[in-house]
Amino acid sequence: MADNNPFPGENNTGHIWDDNIRELANPPPRWWMIAFWASIAWFLGYGVLYPMYPIGQKPTEGVMGWTQIKEYQEGLDEVVAVRAEFENQLKDMSAKDILANPGLADYTVASVKVLFGDNCAPCHGGGGQGGPGYPVLADDDWLFGGTVETIEQTITMGRKGIMTAHGKILSDDEASKLADAIAAGNPTSDPNFLQKGCIACHGMDGKGMQMLGSANLTDGIYRFVPEEGKSVTDSVKQTILHGVNDVTDPQTREAVMPSFGERLSKDEIKKLAVYVYKFGGGQ
Ligand code: HEC
Ligand code: HEC
């Protein structure tokens, strides 16, 4: 080949296309060679320092003794150390004291978010926005009360408001009229509100009693949101006729807030109370 190379003296490989396009045998640029050898040196050095070559079941361990688990553990220890400072202070404080200390309150909210997500969000929604049958925690309309102490008690003991079914003492027509009065925000305008004993639990003014968890019937806020396609009046009528948690009525509404006193620690519940309070509706 070299003999009939039309470009003699040039360091081409003898591969020539289209008469004059040649493949040359120049060495790669210097910077490229440096990077090439450096990367090989890096590879060998890395293999000595860190876990690398798969030999048998396990890779070689490397002289630094580094593992991902160790690095994770160190990171975790760091977080625990930062938290410990706050956690130690929280231990001896009431939920109210925590609220009075903005730094600690912020810490509490940040640290208990996941606990709320795991234990409460399935029913009350991630932001306390409630859901069908589950009350909103983010507004200032409370069944049982919105002081931080009451919230703490609700979480510890659970709640189960009981309203008897009134289907036996009210005709369908009477129930509709009562429902209309409530939907209009004026339950006391219907004489049956007094005569059929609603006042015993909802109060003379229909504004509810937090001790019983009986809803305020004058504020237009419904703890039982009407189902799709149903009007407020239908939904209120259903509550009146079948009650809430009344075991004698198969169509009764179910509303049970489970107790967490045995599932979560006192400190966790205290923090959750602060968290719920801080949704903005705490009183
Ligand atoms: C299984 C569903 C469920 C879970 C889980 C649940 N709740 Fe409830 N919660 C309810 C129901 C239902 C009520 C209303 C009870 C009633 O009407 O008698 C309620 C009521 C409440 C109230 C009272 C609201 C008011 O207006 O007075 C608070 C506060 C509350 N829950 C906080 C929490 C927190 C915090 C958690 C998590 C630790 C939690 N709940 C977990 C169903 C649940
Ligand atoms: C034994 C006590 C009691 C009596 C009597 C009673 N209620 Fe109730 N009522 C409650 C409680 C407690 C709740 C809240 C239940 C819950 O959320 O767990 C409630 C809830 C309601 C609701 C639902 C409100 C909402 O926000 O969705 C309506 C409507 C209602 N009652 C109307 C009446 C009317 C009308 C009467 C009379 C015919 C009456 N109640 C009699 C205890 C009672």
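As the structure lists them, so they are numbered: ligands from 1, and atoms in each ligand from 1.
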Mind checking whether V225 has a heavy atom under 4.0 Å from ligand 2? no

Taking the ring of F116 and the ring of F279, is the distance between their centroids below 6.0 Å? yes

Note: D246-R253 ion pair, threshold 4.0 Å (strictly below): no

List ligand 1 atoms under 4.0 Å from R223, heavy atoms only on the residue side. 12 (C), 14 (C), 16 (C), 17 (O)

Nearest non-hydrogen protein atom to atom 36 (C) of ligand 1, with distance, is C120 SG, 2.8 Å

Between R83 and E78, does any NZ, NE, NH1 or NH2 come within less than 4.0 Å of an OD or OE carboxylate oxygen? no

Mind checking whether E254 has a heavy atom under 4.0 Å from ligand 1? no

A cation-pi test, strictly: NZ or CZ of R263 under 6.0 Å from the centre of the six-membered ring of F260 and no more than 45 degrees from its axis. Yes or no? yes

If you measure from each heavy atom of G213 to ligand 1, is any distance below 4.0 Å? no

Please confirm whether G197 comes under 4.0 Å of ligand 2, counting heavy atoms of the residue only. yes

Taking atom 18 (O) of ligand 1 as the reference point, the nearest protein heavy atom with its distance: G161 N, 2.7 Å

Hey, is there an N, O or S on H124 sitting under 2.8 Å from atom 8 (Fe) of ligand 1? yes

As an exercise, state the distance from CZ of R159 to CZ of F144, rounded to the nearest 0.5 Å. 5.5 Å

Numbering the atoms of ligand 1 from 1, which are under 4.0 Å from a heavy atom of V276? 35 (C)

Does this structure show an ion pair linking K270 with D267, if we count only N-O contacts that are shorter than 4.0 Å? yes

Any nitrogen or oxygen of Y134, main chain or side chain, under 3.5 Å from a nitrogen or oxygen of ligand 1? no

Ligand 1 atoms in contact with L143 (distance to a heavy atom under 4.0 Å): 17 (O), 25 (C), 26 (O), 27 (O)

N/O of F224 under 3.5 Å from N/O of ligand 2, yes or no? yes

Between A255, G281, C123, which one has a non-hydrogen atom sitting closest to atom 4 (C) of ligand 1? C123

Which atoms from ligand 1 have a heavy atom of V256 less than 4.0 Å away? 10 (C), 11 (C), 12 (C), 42 (C)

What part of K196 sits under 4.0 Å from ligand 2 if we count only heavy atoms: the side chain, the backbone, both or neither? neither

Atom 5 (C) of ligand 1: nearest protein contact (heavy atom, Å): N119 O, 3.2 Å

What do you reckon, does F144 have a nitrogen or oxygen under 3.5 Å from a nitrogen or oxygen of ligand 1? yes

Using a cut-off of strictly less than 2.8 Å, determine whether T154 has an N/O/S atom near atom 8 (Fe) of ligand 1. no

Is I182 touching ligand 2 with its side chain, its backbone, both, or neither, if touching means heavy atoms under 4.0 Å apart? side chain

Give the contacting part of L212 toward ligand 2: side chain, backbone, both or neither, where contact means a heavy-atom distance below 4.0 Å. backbone

At under 4.0 Å between heavy atoms, which part of P122 makes contact with ligand 1: side chain, backbone, both or neither? neither

Between Y107 and F86, how do the two ring planes meet: parallel, tilted or perpendicular, split at 30° and 60°? parallel

Can you list the ligand 1 atoms lying under 4.0 Å from a non-hydrogen atom of L137? 22 (C), 24 (C), 28 (C), 29 (C), 30 (C), 32 (C)

With heavy atoms only and a cut-off of under 4.0 Å, state how P135 meets ligand 1: side chain, backbone, both or neither. side chain

Near L272, which atoms of ligand 1 are under 4.0 Å from a heavy atom of that residue? 38 (C)

How close does the nearest protein non-hydrogen atom get to atom 33 (C) of ligand 1, and which residue and atom is it? M257 CE, 3.3 Å

